[in-house]
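Let me begin by presenting the structure, written as structure tokens, before commenting on it.
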Amino acid sequence: MINNALAVAGIVIKELYRRKDFYVLFVLTALITLLLGCVNFFNDDRIARYLKEICLLLIWISSLIIAVTTTARQIPAERENRTIFPLLAKPLTRGHLVFGKFLGCWFASGLSLVVFYFFFCVVSGAREHQWPLLIYLQALWLHWILLALVVAMVLLGSIMFAAPSSNSTICFIFIVGILLVGRHLHRIAIQLQEPIRTIVSVIYFAIPHLEFYDIREMIVHNLPPISMLACLIATVYAIGYTAFFLIATWLVFRRKSLTA
Amino acid sequence: MPDLVKIEKLRVEYRSRESQNGFKVAVDGLDLTVGSGEVFGFLGPNGAGKTTTMNVLLGFVSPSSGSASLFGVDVREPIARQRIGYLPELTYYYKFLSAEELLRFYGKIFRIPKGELEKRIDSILKLVELEHARKRLIKTYSKGMQQRAGIAQALINNPDLLILDEPTSGLDPIGRMKVREIIQRLKEEGKTVFFSSHELGEVETVCDRVAILYQGKLQVEGRVDDLVKNYKTNLEQIFLKVIGYQSSQAV
Amino acid sequence: MPKLFLAFLFVLCFSVAALRENTPSISVATPRQPDVNTGAGLLSSLMGDSRRMFANHFFSKADAYFHSGYYPTIFDRSASPERSHLQGGGGEQPEGEDHNHSEHDEKAGFLGEPLDCLESFGRNFFPSQHSHLETGNERELLPWLKLSAELDPQKIETYTIASFWLRTRLGKTNEAEQFLREGLHANPNSYEILFELGRICEENHKDTACAHNLYALALQKWTDEKNRGGSPDEFVCQQITAFAARLEERAGNFPAAIGYLEKLKEISPAKDLIGKQILDLRAKIDGPGIPLKK
């Protein structure tokens, strides 16, 4: 299984670095960050936090665009171009294909993340003359773990929704929605009347809490690294949801007609 | 001659809203065998059930009833596909890969050792005459070259059985001739080829045996020479007669 | 030919960029004083009234930075202080700029007890401890204030607050003054900005004459607005008169100081205290040996 999945993953990674998406997003991020870095605010060249915040925001946007769009088109493109037929005519199951696509998208997103975070590290270090590497590594790790969850979720969407564009849009709304209001849902719920209260509470406990993986504020405000135990629990939490989405994808895809 | 492909009482039904009973029969009670080293032509008009039968053989579609096996192994087992090569109709391979990368990818799935894989890629690209373009991205290929890249991927595991779904569809005369030559060469190498086509002249030239399917049912099966002898006409006329086609002139 | 066309486009873009260089839309990048009004005109054409929304957002952002990211979202807003904490450092406290920490911290505990294990665990991943920017790190607020001012030049508190941090914590009096003058250019009738400029003259430049004029002008603008039927901020008026009175007192011009204090007494809730100050000053005038400034 691993051999087949890695072979499929290799193709996804090749696709990412041969397409222009990543380069365009990276250049845009770098350009905007560097331009903003050149801005003179009251003749003070030690101001750094706004730059870190904007750079991290751009990295988050870019990484989500890369992960969601790359994943959303994988299986639909295989079906549309009919490459899924020669592929599944080989000793490769649909489960291998789903897992391989997941690994490929996750590794590819991870590679792009490394490039983005390296750039961030250079920019923030150049401004602040300090490199809090531990929290940067924590941010990178949690961000990558989050992308595993996102990739698995989008993969399920790519089997369920007809077009990659609709899948991408729905997933973006879902992801951004969770990132913005996920952690407040319970507080919102207790102010509501029944049965909405129960429904919102159930949603709160059921959704994957993506905001756990966003420690940008900690980095921006030079706060100390988060505890390793919290990191570990967040990782296990993400693995659980990722596995759930992957199994759901496999179960749906197993019964899906390839020709439809 | 041992049977590489064996289909017994195969029936495939699809859900259909258009049909009164809620389903449509794509293949109905099909019995078929293909022996080792044969070139078998699978004929029929569009919608006859050829591709559905192939999809069953490849494990893409589950039969409603009956059975199908490759090399004596049920087609639902992935291992049954270890020794086959498949060329689907009208496939647009990964355009961001070159031909040799495409073959390397498929070779990895078969766990072919690296050294052997490289040798095999060399020989296959030579066979399909894509040696000169091996490093070029597939998106720069002509349709004929893409189809030959498809044949190359079908051959990467040195299969004993090749299943080709309309391999010459959409190609110009030179492209068709090249594909035909490849099939001939494979036949000379002793490979078993099971292919569907609408090019009846080509089938007559290349195939040892043919089967004609119409509305999901097997109408005729036999050696090409025998059919031509029995019906006292060429394969095209036999085909038209079997499916009950009458030209407007005849009417 | 295509290369020639590209070259032409490049030259065209460069020329347009060179022409645009003098415009305030890019003035953030230059230390020169921008023409704020024109900039607002351009931004308002591009963004309409939404620029005010963004300006408010960036202003809140600066406030959030002041609290090192420990800041209520709209969902926690009901539990948060009503006014920006940044304002505490502005013109509201003429004598001491330090925050009233006990009350402030009480208000800032907006998170409360976690409702469930997910919320409790989630607090590991964002700033959940209250702290303030200090030791020069207050500079981190400035980009957001500058951006807020660019988007909404009529938001006066942006100028006064930025000026406060610039001159008191970062020692950037010139930058503070220049920023206030930009604000004054966009809001010529702003008594708040005039008052802040007066404080710079008094406290930083030690130019009492200039400060006197600015306080007087600020008071005039405040009165004008009142006469026009507006509802100018009485607290600012109290501050202006208090500062003007103190300035006159330091200069030995007691009658003028008494004049300001009389005015302050009319509007201040601490009438007794001011009455006592007036009496003290009158005693100084009447007392022997105190030279009177003519």
Side-chain angles (χ1 to χ4, degrees), chain A residues 1-23 66 69-70 73-101 103-105 107-108 159 250 253-260, chain B residues 14-15 26 51-52 54-55 57-62 70 73 75-98 101-112 137-139 146 149-157 159 161-165:
Chain A
M1 177 174 179
I2 289 294
N3 172 69
N4 286 351
L6 287 177
V8 174
I11 293 298
V12 180
I13 294 168
K14 270 203 180 82
E15 183 189 359
L16 180 84
Y17 72 70
R18 288 193 179 164
R19 283 175 69 105
K20 292 182 179 73
D21 311 20
F22 165 71
Y23 303 103
I66 290 170
T69 55
T70 305
R73 68 170 172 257
Q74 287 304 318
I75 292 177
E78 291 275 0
R79 289 168 71 178
E80 197 182 322
N81 297 329
R82 299 172 59 85
T83 42
I84 199 161
F85 295 108
L87 200 55
L88 292 179
K90 303 202 166 23
L92 179 135
T93 63
R94 295 189 189 199
H96 296 165
L97 182 67
V98 167
F99 191 54
K101 290 291 183 189
L103 281 185
C105 294
F107 287 159
I159 307 290
W250 173 64
F253 188 47
R254 211 170 52 142
R255 296 173 183 281
K256 195 93 178 170
S257 164
L258 297 177
T259 45
Chain B
Y14 282 115
R15 272 189 223 161
T51 303
T52 304
M54 286 187 169
N55 284 346
L57 288 176
L58 294 160
F60 302 156
V61 173
S62 296
L70 298 171
V73 179
V75 290
R76 280 171 286 200
E77 300 291 329
I79 195 72
R81 301 191 286 276
Q82 184 71 27
R83 288 161 64 197
I84 67 163
Y86 171 57
L87 174 73
E89 186 192 1
L90 294 172
T91 299
Y92 307 96
Y93 293 94
Y94 308 100
K95 56 186 181 184
F96 51 87
L97 294 182
S98 65
E101 283 170 337
L102 182 79
L103 296 183
R104 214 169 277 137
F105 162 56
Y106 287 122
K108 275 184 197 164
I109 293 173
F110 286 103
R111 294 170 184 264
I112 303 167
L137 295 184
I138 290 173
K139 68 179 173 189
Q146 286 196 31
I151 294 174
Q153 66 77 26
L155 294 170
I156 192 65
N157 56 329
L161 169 65
L162 272 156
I163 299 176
L164 313 176
D165 192 359

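Here is the naming used below: chain letters follow the sequence lines, and residue numbers restart at 1 for every chain.
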From [atom1] ([X]) to [atom2] ([Y]), nearest 0.5 Å:
{"X": "B:K108", "Y": "A:L92", "atom1": "NZ", "atom2": "CG", "result": "13.5 Å"}
{"X": "B:Y86", "Y": "A:L87", "atom1": "OH", "atom2": "CG", "result": "12.5 Å"}
{"X": "B:N157", "Y": "A:K90", "atom1": "CG", "atom2": "NZ", "result": "6.5 Å"}
{"X": "B:K95", "Y": "A:T83", "atom1": "NZ", "atom2": "OG1", "result": "11.5 Å"}

Checklist entry - B:L58 and A:A89: which non-hydrogen atoms are nearest, and at how many Å? => result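 Shortest heavy-atom separation between B:L58 and A:A89 comes out as CD2-CB, 3.7 Å.
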
Next on the checklist: Under a 4.5 Å cutoff for heavy-atom pairs, which residue among A:V8, A:L6, A:I11 has the most contacts with chain B?
Outcome noted: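 Going by pairs under 4.5 Å, I would pick A:I11.
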
Item to check | Per-residue contact mode, B:I79 against chain A (heavy atom under 4.5 angstrom) | outcome: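 No part of B:I79 comes within 4.5 Å of chain A.
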
Checklist entry - Is any side-chain heavy atom of A:S257 less than 4.5 Å from a side-chain heavy atom of B:Y14? => result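 No, side chains not in contact.
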
Checklist entry - Quick one: side-chain contact (heavy atoms from CB on, under 4.5 Å) partners of A:R18, sequence neighbours excluded? => result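 For A:R18 the side-chain contact (heavy atoms from CB on, under 4.5 Å) partners, ignoring immediate neighbours, are A:K14, B:F96, B:L97, B:E101, B:L137.
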
Checklist entry - Can you pull out the residues in residues 93-101 of chain A with any heavy atom less than 4.5 Å from chain B? => result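 Hits under 4.5 Å: A:T93, A:R94.
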
